[in-house]
Amino acid sequence: MVAHGRQCKIEGSQATARQTAELLRSVISQQRVPYTNQAGALIDAVKAVGEQLIAANPVELAVGNIVRRVLHIIREEDLSLTTAAIGELNLSAVSDDENDDDRDGNTTLSAAAVAAAARSTLRPPSLQTLLEDTPVSAAVPQTSSSGAADKSSRSRKLKHDVIEAVNELIQDIVTCHEQIAEQAVEHIHQNEVILTLGSSRTVSEFLFAAKEKKRSFRVFVAEGAPRYQGHLLAKELVARGLQTTLITDSAVFAMISRVNMVIVGAHAVMANGGVIAPVGMNLVALAAQKHAVPFVVLAGSHKLCPLYPHNPEVLLNELRSPSELLDFGEFSDCMDFGSGSGSPLLHVVNPAFDYVPPKLVSLFITDAGGHNPSYMYRLIADYYSADDLVVQRRAIAGN
């Protein structure tokens, strides 16, 4: 499946995130779950595939984001089932009048043991547990001979709930553009001038939504050299009846004083509120700050990354082909390896991305609403578990 992902080029973070979630849903559906540590088995299966997916495309951070989201879903659904089981134990204790005091005490202890065991199955045993040589399974008392049937039923319930939650995640990914676009009328007002860079489907849908609400405004589009994706966006905007002005990237500072708001897309939003975006975006953000123009970033929740830019797992950039900048035929004499020095005098560097620090961002608009950069870490914390920041399978004892 991962090999197929390498062969089939998937364009765009949304399509990548959706296909990653669908693949992990298939992995969970086909995974055989044991009677004990059902959540741990699902987590190991997802991590095994997730490691390969991330390694196959480390620059596309949406892949790792979705892997971590699914791991968080497994942990949350397992905790929900455990909590429900504890609630049932408490209810049974209240409804039983015989030996009320003794049974209440035993039930409370049993509930605490179940909760402790559930938490311990999702992480390695503590040093105290290893020293005492106490098996984790001993902490959970078997209350009846139907324990095996109850575990089998619980494992099926866990898989069902996890798959349902992943289905909801996929639906959120598919509809993220529409959910962000619904907020356009709150931010774009009559006769404003909007500036954007390159081409982003999220941005185009946002602008189209404002146009459909009878907002009249003009859009300045920086062309986004060297790939010139801004040309495509300008053509789309004109086709939808929007007044559009195409400018070079170097003209951003000259034109920014006429602009009311900068609205751009993002490749990824980091845990500190920093943005990884197409190259040239930092220039636009600096120009906006210099002229006190709001710099607004649109990003679906699948682009919210729980890592920081300095984390070793984050590959901030990739170098694209020099052919996007110059013609090898025309510059072949400058890049001749046959010269006496043994290396060419001309080197071509063509990075794909920029990093925009959070201090340059005025507002994030996601499918969950608008947020200040300082709030992003809290929003991201709702989507991920701290145990899953590094997607790596647990080491097997003896290896």
Side-chain angles (χ1 to χ4, degrees), residues 17 20-25 27-28 31 33 36-55 58 60-86 114-126 129 136 154-155 157-173 268-273 299-314 366-368 371 375-395:
T20 301
E22 290 174 351
L23 174 59
L24 295 179
R25 179 182 61 185
V27 169
I28 293 170
Q31 177 66 26
V33 181
T36 59
N37 195 14
Q38 294 96 349
L42 292 179
I43 287 173
D44 287 343
V46 170
K47 283 187 175 182
V49 176
E51 280 186 272
Q52 299 179 61
L53 293 174
I54 294 171
E60 185 53 84
L61 297 179
V63 174
N65 295 344
I66 296 303
V67 172
R68 296 181 182 94
R69 287 283 295 273
V70 172
L71 291 172
H72 179 68
I73 286 172
I74 296 172
R75 296 179 188 277
E76 288 295 301
E77 295 299 334
D78 182 66
L79 179 61
S80 177
L81 288 177
T82 301
T83 304
I86 294 173
V114 170
R119 289 193 298 269
S120 66
T121 56
L122 299 182
R123 56 175 57 89
S126 65
T129 303
V136 174
R154 186 183 188 279
S155 66
K157 173 68 172 169
L158 177 62
K159 284 183 62 173
H160 176 270
D161 291 351
V162 168
I163 290 174
E164 286 296 313
V166 173
N167 286 336
E168 293 178 8
L169 171 61
I170 293 172
Q171 185 63 24
D172 289 342
I173 295 171
V269 178
M270 310 309 292
N272 65 337
S301 58
H302 59 276
K303 293 186 178 182
L304 306 184
C305 181
L307 304 177
Y308 289 85
H310 60 266
N311 286 132
E313 299 84 10
V314 177
T366 73
D367 41 331
H371 308 283
Y375 183 78
M376 294 308 292
Y377 81 97
R378 293 187 60 183
L379 180 64
I380 289 173
D382 292 337
Y383 292 136
Y384 303 99
S385 297
D387 295 334
D388 302 323
L389 297 186
V390 178
V391 179
Q392 188 174 5
R393 285 170 292 179
R394 291 176 293 184

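As the structure is a prediction and not an experimental result, all values here were calculated from the model.
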Item to complete: Heavy atoms only: give me the nearest Y308-V314 pair and the separation to one decimal.
Response: O-CG2, 3.4 Å
Worksheet item: Backbone N or O of E76 within a donor-acceptor pair of the S80 side chain at under 3.5 Å?
Response: no
Response to the item:
Residues passing the side-chain hydrogen bond (donor to acceptor under 3.5 Å, both in side chains) test with N167, sequence neighbours excluded, are R25
Worksheet item: At what distance, to the nearest 0.5 angstrom, does OH of Y383 lie from CD1 of I73?
Response: 11.0 Å
Item to complete: Could you check if a side-chain atom of I28 sits within less than 4.5 angstrom of a side-chain atom of V46, using non-hydrogen atoms only?
Response: yes
Item to complete: Under the salt bridge (charged side-chain N to carboxylate O under 4.0 Å, His left out) rule, collect the residues that match up with D388, sequence neighbours excluded.
Response: R75
Fill in: For P306 against L389, the heavy-atom pair lying closest together
CB-CD2, 3.6 Å
Discussion item. What I'd like to find out is whether the side chain of L61 reaches to under 4.5 Å of the side chain of M270, using heavy atoms alone.
Written reply: yes
Fill in: Step-by-step side-chain contact (heavy atoms from CB on, under 4.5 Å) determination, L307 to R68
CA-CA 11 Å; L307 304 177; R68 296 181 182 94; 3.6 Å; yes
Worksheet, complete the sentence: When rounded to the nearest 0.5 Å, the distance separating CG of L304 from CE of M376 is 4.5 Å
Worksheet item: What pairs with E168 under side-chain contact (heavy atoms from CB on, under 4.5 Å), at least two apart in sequence or on another chain?
Response: none
Worksheet entry | Pairwise distance CG(L42) to CG(L24) - rounded to 0.5 angstrom | 11.5 Å
Worksheet entry | All salt bridge (charged side-chain N to carboxylate O under 4.0 Å, His left out) counterparts of D367, not counting sequence neighbours | none
Worksheet entry | Results of salt bridge (charged side-chain N to carboxylate O under 4.0 Å, His left out) for E22 - residues two or more places apart only | R18
Worksheet, complete the sentence: Residues passing the side-chain contact (heavy atoms from CB on, under 4.5 Å) test with A17, sequence neighbours excluded, are A62, I66, I173, H302
Response to the item:
Shortest non-hydrogen pair, A299 vs V269, comes out as CB-CG2, 3.8 Å
Worksheet item: So L23 and V49, side-chain contact (heavy atoms from CB on, under 4.5 Å) or not? Walk me through it.
Response: CA-CA 9 Å; L23 174 59; V49 176; 4.2 Å; yes
Discussion item. On a heavy-atom basis, which atom in A165 and which in E77 lie closest, and how many Å separate them?
Written reply: CB-OE2, 3.9 Å
Worksheet item: Considering residues at least two apart in sequence or located in another chain, which fulfil the ring pair (Phe, Tyr, Trp, His ring centres under 6.0 Å) criterion with Y375?
Response: H371
Worksheet item: side-chain contact (heavy atoms from CB on, under 4.5 Å) between N65 and C305: does it pass, once the steps are laid out?
Response: CA-CA 6 Å; N65 295 344; C305 181; 3.5 Å; yes
Worksheet item: Are the side chain of K303 and the backbone of T366 linked by a donor-acceptor contact shorter than 3.5 Å?
Response: no
Response to the item:
Of all heavy-atom pairs linking H72 and S385, the shortest is ND1-OG, 2.7 Å
Item to complete: Apply side-chain contact (heavy atoms from CB on, under 4.5 Å) to I54 and list each qualifying residue two or more places apart in sequence or on a separate chain.
Response: V63, V391
Worksheet item: Taking only residues two or more places apart in sequence or in another chain, which ones pass side-chain contact (heavy atoms from CB on, under 4.5 Å) with L81?
Response: R154, K157, L158, D161
Fill in: Heavy-atom closest pair, residues Y377 and A271
CB-O, 3.5 Å
